[in-house]
Amino acid sequence: MAPKFLYYFITVVGTAATTYTLLQLLRNPQTKEKPPKRKQNVADLIGNTPMVKISSLSKLTGCEIYAKLELANPGGSAKDRVALAVIQDFEKKGLISPNSGDVVFEGTSGSTGISFAMLCNALGYTAHICLPDDTSNEKLQLLESYGAEIEKVKPASIVDPSQYVNAARRGAQALTDDPTTDARGVFADQFENDNNWRVHYRTTGPEIWEQMDHDLDYFVAGSGTGGTISGCSKFLREHDDSIKVVLADPQGSGMYNRIKYGVMYDSVEKEGTRRRHQVDTLIEGIGLNRVTHNFSQGEAYITDSERVTDEQAIRMARFLSSNDGLFVGSSTSINAVAATRIAQRSEKGTKIVLIACDSGTRHLSKFWKEALKVDSKITLEQVLH
């Protein structure tokens, strides 16, 4: 019951509005959060993504495991942040201008292309996406739905001039040099573009820091271009150097050995053992066998790495869907396996944040086709086996 003097104060000096407000606070001290303010366009929806506790993993490990839901961005992934930063930088430099026929070229395995396609539509450009011809159907369908120009190429090493990144670079230059049009082409170059890691340093890292009330022990992320893990780890460790940053890496990628042993090599790189030219795994979006500019900007802040198999990631995806209602993609599953391993060897109450990169809806025909074969009642022990 509230103190009598407060009721007396309300009765004697309060206006009707003040009386109502104070009584509401007395009844319910936890005031309801205000809804988000209205936005001018879809680009304004990017960032400030939610942080959610993964209840099942937290309960079973005794630690607090949280997911930063980058899949809640309007384009469905953390790549929205990068695409917007890159476009805005091109505009500031006068390399492109809205509604003038200019085209943004990018080489990507999927999610970044979707982000560029969405934003180009919103901001007055055309997106031309070069991608491996084995990219999941869901990602291709999304790109087509956004109206992006799609150029499929055979998976190849980065040194191959036909590799999808090189194809995008070549296409941008060809359009700019074309004397028959005033349209200009720019190459986004997400792997080497400095805006990539910087946008995560400016936005994602600070968001995590505030959402965790400046209190976390581990940050877990994979590395595709290296932008997310570099930008976030640099910000977080500059604010608290006791935070440990763990790179979650799929089989076939060389990043695990890079962090653990300083050597960029994996056994599946041996001649005749690879299914794909880049990384021998079902996982899309993370895993690489070269050091990008963006990764190099944060490598010094990464303290450890966890290698995760396809089978473990597939089982974890099924586990999270069945136990938490979290329908996640392959790279998020990799991060969740790594975070769980860390939790199992850590003190109770340890706070771990992982990046939830994208939704499982982009991985139905490949990754989730396999995950659906897993028993929905699978235990955590079976997941990590």
Side-chain angles (χ1 to χ4, degrees), residues 42-50 67-90 104-123 125 127-132 135-136 138-143 145-146 148 150 164-165 168 186-205 207-208 221-232 248 278 283-288 292-295 297-298 328-332 334-335 354-363:
V42 71
D44 290 342
L45 297 171
I46 295 172
N48 291 315
T49 54
K68 175 65 168 164
L69 298 182
E70 287 299 282
L71 54 82
N73 279 302
S77 78
K79 300 300 186 180
D80 286 6
R81 299 180 190 258
V82 178
L84 180 59
V86 169
I87 290 173
Q88 289 176 333
D89 186 55
F90 283 141
V104 178
F105 288 76
E106 181 58 310
T108 168
S109 61
S111 288
T112 307
I114 293 165
S115 296
F116 272 113
M118 175 192 73
L119 285 168
C120 283
N121 283 351
L123 301 177
Y125 302 101
H128 183 106
I129 307 302
C130 300
L131 42 67
T135 298
S136 68
E138 293 76 27
K139 291 181 180 179
L140 287 171
Q141 289 167 357
L142 272 170
L143 288 168
S145 298
Y146 275 122
I150 300 172
Y164 62 91
V165 173
V186 287
F187 172 45
D189 198 13
Q190 60 169 327
F191 290 91
E192 308 300 324
N193 194 313
D194 202 57
N195 290 288
N196 187 340
W197 76 268
R198 289 187 183 278
V199 73
H200 291 294
Y201 180 83
R202 293 195 311 268
T203 65
T204 321
E207 288 172 27
I208 292 169
S223 179
T225 64
T228 303
I229 194 167
S230 289
C232 290
Q278 181 187 4
I283 310 305
E284 292 182 0
I286 60 173
L288 207 61
T292 66
H293 166 75
N294 282 285
F295 181 80
Q297 301 308 299
V328 299
S330 57
S331 50
T332 303
I334 291 274
N335 295 342
L354 64 92
I355 294 290
C357 316
D358 63 8
S359 165
T361 56
R362 294 187 179 177
H363 304 266

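Residue indices begin at 1 and follow the sequence shown.
- Looking at heavy atoms from C-beta onward, E138 lies out of side-chain contact with H363 at the 4.5 angstrom threshold.
- When every heavy atom of D358 is checked against every heavy atom of S331, the shortest pair comes out as OD1-OG, 4.3 Å.
- In this structure, the side chain of K68 engages the main chain of T49 through a donor-acceptor pair within 3.5 Å.
- With hydrogens and angles disregarded, no donor-acceptor distance shorter than 3.5 Å links the side chain of N294 to the backbone of T225.
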Practice item. Just do the side-chain contact (heavy atoms from CB on, under 4.5 Å) check on E70 and T204 with the steps written out, would you? Key: CA-CA 9 Å; E70 287 299 282; T204 321; 4.3 Å; yes

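- Note that CD1 of I114 is 12.0 Å distant from CG of L119, once rounded to the nearest 0.5 Å.
- Distance check: Q190 CD to F116 CZ gives 7.5 Å after rounding to the nearest 0.5 Å.
- Between S230 and Q297, the side chains place no donor N or O within less than 3.5 Å of an acceptor N or O (distance only, hydrogens not considered).
- Contact check for V186 versus F105: no side-chain heavy atoms found under the 4.5 Å cut-off.
- The NZ atom of K79 sits 8.5 Å away from the SG atom of C357 when rounded to the nearest 0.5 Å.
- Not a single donor-acceptor pair under 3.5 Å links the side chain of T332 to the backbone N or O of V328.
- In plain terms, the two heavy atoms of A188 and N193 that are nearest each other are O-ND2, 3.0 Å.
- For E207 and R81, the salt-bridge test passes: some basic side-chain N is under 4.0 Å from an acidic carboxylate O.
- Here the shortest heavy-atom pairing between S223 and F295 reads OG-CD1, 3.4 Å.
- Here the CG atom belonging to N73 is positioned 11.0 Å from the OG atom belonging to S111, to the nearest 0.5 angstrom.
- Proximity of a side-chain donor or acceptor of T112 to a complementary backbone N or O of T108 within less than 3.5 Å is not detected.
- The shortest non-hydrogen separation linking A356 to L69 is CB-CD2, 3.8 Å.
- With values rounded to the nearest 0.5 angstrom, H128 atom NE2 is found 11.0 Å from E106 atom CD.
- Distance alone, capped at 3.5 Å, is enough to place a donor-acceptor pair between the N335 side chain and the G222 backbone.
- Between the CD1 atom in I208 and the SG atom in C232 there is a gap of 4.0 Å [rounded to 0.5 Å].
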Practice item. Give the C-alpha distance, both sets of side-chain angles, the deciding distance and a yes or no for side chain to side chain donor-acceptor pair (under 3.5 Å) between N196 and H293. Key: CA-CA 10 Å; N196 187 340; H293 166 75; over 6 Å; no

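- Between the N195 side chain and the V86 main chain, no donor and acceptor come within less than 3.5 Å of each other.
- Taking 4.5 Å as the limit, every side-chain heavy atom of L143 sits out of range of all side-chain heavy atoms of T135.
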Review point. Taking it one step at a time, do F187 and V104 satisfy side-chain contact (heavy atoms from CB on, under 4.5 Å)?
Key: CA-CA 6 Å; F187 172 45; V104 178; over 6 Å; no

